[in-house]
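Below is one structure; the comments refer to it alone.
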Amino acid sequence: MPKIKVKTPIVEMDGDEMTRVIWARIKDQLILPHLDVDLKYFDLSVTNRDQTDDKVTVDAANACLEYGVGVKCATITPNEDRVKEFSLKKQWASPNGTIRSIMDGTVFRKPITLSNIPPRVRSWKKPIVVARHAFGDIYRDQEIVISGDGKVELVYTPDGGEPQRLLVNAFKGTGGVAMGMFNTDKSITSFARAVFTYALGEKLNIWFNTKDTISKKYHTRFREIFQEEADARKGDLDKAGVTYSYYLIDDAVAQVLKSEGGHLWACMNYDGDVMSDMVAEGFGSLGLMTSVLVSPDGKYEYEAAHGTVTRHFRRHQRGEETSTNSVASIFAWTGAIARRGQLDDTPAVVEFAQRVERAVIDTIEGGLMTGDLVRLSTTPNPKQANTFEFLDAVAARLN
Ligand code: NAP
Ligand code: MG
């Protein structure tokens with residue numbers, strides 16, 4: 001069989017620990033035997049980031065912007081322990097944070113659903129994709145503890161103008177806390193654009209929610225910008241049969257639990273932080289959650305939502321058997337390959353990605369799966385595969 005040609009290069013970002021071990025296997029067993037693809041390789045292992053003073057992360061993000069599609073392995077975000085473990089020059093920033101800010105992207109998290117791994121929420125039949133705005137609000141706030149009496153004010157001083165002051169609270173004999181937070185029209189607009197672009201690409205109805213009944217200026221600004229985007233893209237939405245709905249956040253939360261799923265749930269930063277974990281757990285396992293970063297002008301970076309699975313890697317290093325789920329990492333590859341095929345207008349490439357996904361799904365639905373899924377499966381007597389047996393079984397099915 002001749003290999004299927006991928007027209008445009010794909011950016012590949014290698015990573016750390018157990019996911020790095022899995023990564024190489026996926027490439028060698030599932031991808032390269034079948035695809036003729038030019039991979040622009042960047043080694044984002046923590047040691048190489050250290051050696052390059054993190055330049056490799058910046059280069060990789062820029063390559064994603066240049067080529068349009070990238071796929072990333074999970075990476076260590078160093079803390080103090082990691083600095084010691086690898087004798088790092090410093091606690092480098094989170095690579096995902098760096099890539100997100102260079103691509104000005106929005107993160108979409110999507111669960112992989114399988115017939116024998118039932119969601120914990122019984123009404124959910126189709127994946128719910130959560131889009132989280134990843135800039136501002138409480139994540140960039142200023143906070144203060146008030147121990148004595150006095151006024152807390154919000155002051156805006158326009159360049160060259162007179163300050164405007166709003167009284168937040170006059171504390172008297174109570175003490176307390178206060179904070180100031182912000183967002184920008186530019187970032188909210190980017191977020192809205194990315195949401196509409198993704199929903200149109202995937203043909204998913206859009207839900208957006210805030211608490212604008214209470215927050216009449218701050219949350220209302222988000223609602224207005226989303227509405228402007230919906231109005232601007234009305235033609236595209238109608239053509240694709242995709243709808244835009246606005247809810248109050250508390251209404252949306254209740255609706256989500258009653259829904260069948262199958263929609264894109266766009267959330268402000270804090271809501272998305274909380275709700276994406278609820279949705280991930282509601283669907284079953286972190287090993288079944290993929291993530292894609294989308295820039296406002298339609299550049300894509302795919303990855304698994306989980307980390308480097310350090311606990312399993314320690315066992316692997318000691319020569320012990322592991323049963324690490326590779327599904328989200330495989331789907332990161334197939335997501336990137338399918339998107340590349342779609343952008344290049346090469347249906348054979350898209351179809352290949354679908355065949356790999358089918359092989360994964362058929363393997364698990366056939367009763368062979370890693371330990372995390374065995375615990376959730378409705379298959380009578382499921383067979384537990386170790387990390388490599390699972391990949392071998394998928395490769396055999398694909399061949
Ligand atoms: P983690 O790697 O997601 O693993 C946490 C636990 O979740 C694992 O110990 C395992 O539980 C379970 N798990 C996660 N993925 C699994 C899979 N594919 N198959 C089976 N079980 C899975 O999170 P962490 O241990 O908090 O973080 C480890 C490292 O990853 C850290 O250095 C962190 O900085 C990094 N990280 C990177 C990313 C990213 O690159 N996107 C995201 C998060 C964390 P059991 O041990 O109970 O089996
Ligand atoms: Mg969270």
Side-chain angles (χ1 to χ4, degrees), residues 53-55 57-59 61-62 64-66 90-107 131-172 174-197 208-233 244 246 248-249 266-273 293-299:
D53 291 336
D54 213 19
K55 187 173 170 297
T57 310
V58 173
D59 291 347
N62 284 322
C64 288
L65 289 179
E66 181 183 348
K90 62 179 246 196
Q91 263 190 46
W92 300 104
S94 149
N96 287 35
T98 302
I99 295 167
R100 200 151 54 215
S101 66
I102 291 173
M103 289 181 66
D104 186 19
T106 298
V107 176
R132 171 183 170 190
H133 184 210
F135 176 82
D137 303 350
I138 61 165
Y139 303 85
R140 289 278 183 102
D141 70 352
Q142 291 291 342
E143 308 193 345
I144 189 165
V145 174
I146 312 291
S147 41
D149 291 350
K151 281 190 297 190
V152 174
E153 292 178 303
L154 196 57
V155 183
Y156 163 55
T157 313
D159 287 346
E162 286 301 304
Q164 296 171 22
R165 317 180 87 89
L166 294 172
L167 178 67
V168 177
N169 192 39
F171 288 89
K172 195 151 184 62
T174 60
V177 284
M179 75 175 182
M181 65 180 197
F182 75 99
N183 222 299
T184 64
D185 281 1
K186 177 172 179 286
S187 177
I188 304 166
T189 305
S190 289
F191 174 49
R193 293 220 168 113
V195 164
F196 281 81
T197 301
F208 180 59
N209 32 242
T210 72
K211 191 75 179 177
D212 66 322
T213 45
I214 300 299
S215 174
K216 289 185 169 32
K217 297 211 169 73
Y218 199 114
H219 283 216
T220 297
R221 189 74 195 120
F222 279 78
R223 180 179 182 170
E224 286 167 354
I225 289 175
F226 264 73
Q227 192 58 52
E228 281 163 20
E229 194 61 22
D231 293 343
R233 298 176 76 162
Y244 169 71
Y246 174 80
L248 277 175
I249 179 71
C267 291
M268 289 175 68
N269 208 346
Y270 175 80
D271 297 337
D273 184 352
L293 177 69
V294 184
S295 76
D297 56 345
K299 314 283 165 129

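In terms of heavy-atom proximity, Ile225 sits nearest to Asp185 at CD1-OD1, 3.7 Å. A pairwise comparison of heavy atoms in Thr106 and Ser190 identifies OG1-O, 4.3 Å as the closest pair. Arg140 approaches Phe135 most closely through the heavy-atom pair NH1-CE1, 3.4 Å. Of all non-hydrogen atoms in Val155 and Pro163, the two that sit nearest each other are CG1-CB, 4.0 Å. The two residues Met103 and Ser295 have their closest heavy-atom pair at O-CB, 3.1 Å. Closest non-hydrogen pair, Gly148 versus Phe171, comes out as O-CB, 4.0 Å.
Side-chain contact between Cys267 and Asn209 is present, with at least one heavy-atom pair separated by less than 4.5 Å. Using a 4.5 Å cut-off on side-chain heavy atoms (C-beta onward), Ile138 and Asn269 make no contact. Taking the side chain as every heavy atom from C-beta outward, Ile144 and Ile146 approach each other to under 4.5 Å. In this structure the side chain of Ser94 never reaches within 4.5 angstrom of the side chain of Arg100, judged on heavy atoms. Within the 4.5 Å cutoff, the side chain of His219 has no heavy atoms near those of the Thr213 side chain. Within the 4.5 Å cutoff, the side chain of Thr210 has heavy atoms near those of the Tyr246 side chain. Between Trp92 and Asp53, some side-chain heavy-atom pair lies under the 4.5 Å cut-off.
Note that the CG atom of Asp149 and the OG1 atom of Thr174 stand 7.0 Å from one another [nearest 0.5 Å]. Considering CG of Leu167 and CG of Asn169, their distance stands at 6.5 Å, rounded to 0.5 Å. Note that CG of Leu154 and CD of Gln164 are 9.5 Å apart. Values are rounded to the nearest 0.5 Å. The OH atom of Tyr244 sits 10.0 Å away from atom CD of Glu229, with the distance rounded to the nearest 0.5 Å. Once rounded to the nearest 0.5 Å, the distance linking CG of Asp54 with NZ of Lys90 reads 8.0 Å. The line from NZ of Lys216 to CZ of Arg223 is 11.5 Å long, rounded to the nearest 0.5 Å.
Heavy atoms of other residues, nucleotides or ligands lying less than 6.0 angstrom from CD of Glu143 number more than 12.
With no hydrogens or angles considered, a side-chain donor-acceptor pair links Arg233 and Thr197 at under 3.5 Å. Under 3.5 Å, the side chains of Gln227 and Asp231 contain a donor-acceptor pair of N or O atoms.
Cation-pi contact between Arg132 and Tyr139: present, with separation from the ring centre below 6.0 Å and deviation from the ring axis of at most 45°.
Relative orientation of the Phe191 and Phe208 rings is perpendicular, given thresholds of 30° and 60° on the angle between their planes.
Listed by chain and residue number, Asn183, Tyr218 satisfy the side chain to side chain donor-acceptor pair (under 3.5 Å) test with Asp137 (two or more places apart in sequence, or in another chain).
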*May I have the step-by-step check of side chain to side chain contact (heavy atoms under 4.5 Å, CB included) for Asp212 and Leu248, ending in yes or no?*
CA-CA 7 Å; Asp212 66 322; Leu248 277 175; 3.4 Å; yes
